[in-house]
Number of protein chains: 2
Amino acid sequence: MANIREIAKAAGVSVATVSRVLNSHPYVSAEKRRRVEEAMRRAGYSPNSNAVHLSTGRTGMVGVILPFSHHPYFHALLGGLMEEALKHQYTALLCQTNYEAGEERRYLQMLRTKQVDGLILCSHELPWAEIAAYAADGLLVACEPVRQEGISCVYTHHYEAFLTGMRYLIRRGHRNIGFCIGRRDSESSRQRYAAYADALQEIGRPVQPEWIFEGCTDLRDGMRVMDRIAAMESRPSALLVTGDEAAAGVLARSRQLGIAIPGELAVVGFDNQPISEALQLTTIDQHLQEIGRQAFGAFYHGIVQPGAAPRRMEVPFALVERTSV
Amino acid sequence: MANIREIAKAAGVSVATVSRVLNSHPYVSAEKRRRVEEAMRRAGYSPNSNAVHLSTGRTGMVGVILPFSHHPYFHALLGGLMEEALKHQYTALLCQTNYEAGEERRYLQMLRTKQVDGLILCSHELPWAEIAAYAADGLLVACEPVRQEGISCVYTHHYEAFLTGMRYLIRRGHRNIGFCIGRRDSESSRQRYAAYADALQEIGRPVQPEWIFEGCTDLRDGMRVMDRIAAMESRPSALLVTGDEAAAGVLARSRQLGIAIPGELAVVGFDNQPISEALQLTTIDQHLQEIGRQAFGAFYHGIVQPGAAPRRMEVPFALVERTSV
DNA sequence: TTGAAAGCGCTAACAA
DNA sequence: TTGTTAGCGCTTTCAA
C-alpha cells in the first residue's frame, strides 16, 4: 500500500531518514525517529520485501532441504538450526522434497533466482557434483561429510560412532549382534555398515545377513523387526539400531511379546531422541541440535565473510548409557 | 550474476526484447528470439525474482497455512491444491504453524510484505477477525465455512455429513453409537458434535459421555480408543470416527483383541483416505482433493479478477459403503 | 516488430 | 544529523 515516499512526506523527512529508522541506523534524531514511527503506525506500513531484497542483494532467508520434517531426527536438527537462525535474524524456509530429485532441483533454482541466500541440505537426492554447480549462486551447507568444491559440511563421524556402539556391546559380552539401518544408499549408511562389519571381524564373527534389517526409520519398522527376530530359531542377543524411533518400536513390541530387554535382547539406539529417555534406552547421541546450529553457523560465516573457504566440521558424539543393555 | 542488460548486449537487442522472450510474448522475430535464447544459455542466466516481483507487483506464490503436512488429511488437501496451482503456474509455499499463533502471524505478515499473493488457510489459530485484517494485502481463502468480510471459503457441510453417517448406522439397526472426534475447539467439530447429538435424539437416545472420545487424529489414538472400549462393561455397537487414520487404528487394535468388525463393532470413518480402502472401511468422503482444488480456484479467481467478491463454496460429500458396517 | 525510458520500492554513497 | 540521487534488475507503456 503505502511506500517509503509517502511515509517520508507524512513525517516531513526524506526517504533516507525513513530508511534509516527502518534499519535502526544511528544518526537519526529522537524527534524525527518518533515522527517517522508514528507515520508508519498510522499508515499500517510494512516495507516491500521484494524491493528490500533487490536493493540489498540479500534476502535474510536460508532454505533448509529435507525429505519431510515430522521425523524426530529432522525435528532435532531443525530445532538447533532455527534457534541459531533466529539469533542472526534469518528466516529458515522449509523445503520438503519427499525424496524427489525434481523438487530438490526446484529449490536449488531458488538460489539462482535470489529467493534465498543459501541452502542447508539435511538430505539430498541429486549427486553432490550437480548440487555444487549452484555454489556460484549462494551458500551451500551439507549435514553430512562431503568433499566437493564449494560445499561446507557439518557431520558426525558415523564410522566411529557405530564402532563405539559395537565395541560397547562386545565389552558387555555380546557376540551375536544384529543391525538395523535406515535407507541403504547414503554415504553415512555405508560408513555405519562398515563399522558393523569391522567390529564383528575384530571378534572373529561373520556378518549374518538375516540379522541385518534395512528400511528401519520409524516405530512401526522397529516393531516389524522385533516380530521377525521373535520368529527366528537363532536370534541375536543384541541389536544396534540406527534411530531411536525404530529402537523404540523394537522395545514396544518386545514387551508385547514378553521378550526381556536387556535380558534376552540388548538394544542400542541412535540420536538420543526424547523417546529414548522415556524408554530408558541406551543410545548414541550425535548431538543433532548442535549439528543444526553449526550448519547454520557455517552458512552465516559465509554471509559475513564473503569469499571465505567452505568449512568442514565434525561434531563429536557420545554414548548415553541407560538400561537397555 | 548476469542481468538482462548483459544478455541484451550479448544478443545485440534491447532489454525490452529480452524481457519479451523471457515472458514468451508474441511479436519477437524468430531470429532475435533465437539469439536471445542462445545468449541466456551461454550465460547460464536466470531472472532475479525479486526484480520480477517488484516490477510486476505479483509473486506467483501462494502460501498454504497448515499445522503440519504429514497427516493424510492435509496430504490429500495439498495434493488437489498443488495440482491446481501447477496448472496456473503458481507455486505453493508450505507454511507450517505447529498450531502456534505466533507462527501464523508471521505468515500473515508475508502477505503485507508482498512475499506471496495470497494465503490459503487449511487450519487457523488466530480468530478470523484478526486474519481478515490482512485482506487488504492479498487474497485469503479458508478451507472451512467462515463468515467474515474479505475471506473466501471452500468447505464441507459437516453437520449434514455426520447426520448422514449417523442415520446410516441407525438404519442398520444401531442404537448404541460412539463418537470419535479430533480437536474439540473448531467450528467443524461443533457441527459434527451437533449432528451426533441430534441423530441420537431422533431415536430417543441420550448422549453417553463415556462413548465420546476426543483428540483422535492418528492411528495410535484409534488404538487407544479400542482399548478403552474393550475395557467397558457396556460397549457401543457402532462408532463414528472423524478420520480414517484413527478409524484404522480402531480396526487394527480390534483385530489384535479378537473383536469382530462389524459383528461386535461397526465403524464408519471419515475422509476416504487410501488406508480406508485397504482396510475395507466404510467412510464418508468429503472430497478433500476437490476442496484443495477449489480453494486454489477461489484464490486464483481473485487474482484474475481483482476486486471480485469473496467466494463461498460448499463441496458435496458422499458415503462410501464398504464392509466395516 | 523493436527500442527508449519511466517506473516498481528500497538502500547507500556522497554531499552538505 | 540529514537529504539528494543513483542504482538494484526487471516490466511495460509509448512512439517509431
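So you know, we letter chains A, B, ... as the sequences are listed, proteins then strands, and number each from 1. All heavy atoms count here, side chains included; hydrogens, waters and symmetry mates do not.
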Output the single nucleotide from C/dC10, D/dT11, D/dC10 whose closest atom is nearest the side chain of A/Tyr45. C/dC10
For the pair made of CZ in B/Arg35 and P in C/dT1, what is the distance, rounded to whole Å? 15 Å
What nucleotide, of C/dA4, C/dG9, C/dT11, holds the atom closest to the side chain of A/Thr56? C/dT11
Would you say NE2 of B/His75 has more than 12 non-hydrogen atoms from neighbouring residues, nucleotides or ligands within 6.0 angstrom? no
Starting at CZ of B/Arg58 and ending at C1' of C/dC8, how long is that distance when rounded to a whole Å? 15 Å
I'd like to check B/Leu94 versus A/Leu94 (side-chain heavy atoms, cut-off strictly below 4.5 Å). Are they in contact? no
Picking from D/dT11, C/dG3, D/dG3, the nucleotide nearest the side-chain atoms of B/Ala16 would be C/dG3
What does A/Val18 touch in the nucleic acid at a heavy-atom separation under 4.0 angstrom: a base, only the sugar-phosphate, or nothing? nothing
Within-4.5 Å side-chain heavy-atom neighbours: A/Val64 and A/Leu77: no
Mind checking A/Asn50 for me? I need base, sugar-phosphate or nothing, with any heavy atom below 4.0 Å counting as a touch. nothing
Do any side-chain nitrogens or oxygens of B/Ser19 fall under 4.0 Å of OP1 or OP2 in D/dT11? yes
Measure the distance from NE2 on B/His25 to C1' on D/dT13 and round it to the nearest whole Å. 12 Å
Measure from the side-chain heavy atoms of B/Val13 and tell me the nearest of C/dA5, C/dG3, C/dT11. C/dG3
Between CZ of B/Arg20 and P of D/dT11 the distance, given in whole Å, is 11 Å
Under 4.0 angstrom between A/Ser14 side-chain N/O and D/dG3 OP1 or OP2: yes
Euclidean distance, atom NE2 of residue B/His53 to atom P of D/dC10 [Å, nearest integer]: 12 Å
If you check every side-chain atom of B/Asn3, which of C/dG3, D/dG9, D/dG3 has the closest atom? D/dG9
Return the value, rounded to whole Å, for the distance between atom CD1 of A/Ile4 and atom P of C/dG7. 18 Å
Round to a whole Å and report the spacing from CG of A/Leu54 to P of C/dA12. 12 Å
Among the nucleotides D/dG3, C/dT11, C/dG7, which one has an atom lying closest to any side-chain atom of A/Lys32? D/dG3
Any chance you could measure A/Ile65, atom CD1, to A/Met110, atom CE, to the nearest 0.5 Å? 8.5 Å
Separation of atom CD in B/Glu6 from atom C1' in D/dC8, rounded to whole Å: 13 Å
Considering every strand and a 4.0 Å limit on heavy-atom distances, what is the contact class for B/Arg5: base, sugar-phosphate, or nothing? sugar-phosphate
Return whichever of B/Val15 or A/Ser46 has its heavy-atom-nearest nucleotide of DNA chain C closer to the 5' end. B/Val15
Among the candidates C/dG9, C/dT2, D/dT4, find the nucleotide nearest to the side-chain atoms of B/Thr17. C/dT2
With the side chain of A/Val28 defined as its heavy atoms from C-beta on, choose the nearest nucleotide among D/dT2, C/dC10, C/dT11. D/dT2
Test side-chain contact (heavy atoms from CB on, under 4.5 Å) applied to B/Gln305 and B/His301, step by step: CA-CA 6 Å; B/Gln305 290 192 28; B/His301 178 247; 3.9 Å; yes
Greater than 12 external heavy atoms within 6.0 Å of B/Gln89's CD: no
Which nucleotide in the set C/dC10, D/dT2, D/dT11 lies at the smallest distance from any side-chain heavy atom of A/Asn48? C/dC10
Go through D/dT1, C/dT2, C/dC10 for me and flag the one nearest to the A/Ser29 side chain. D/dT1
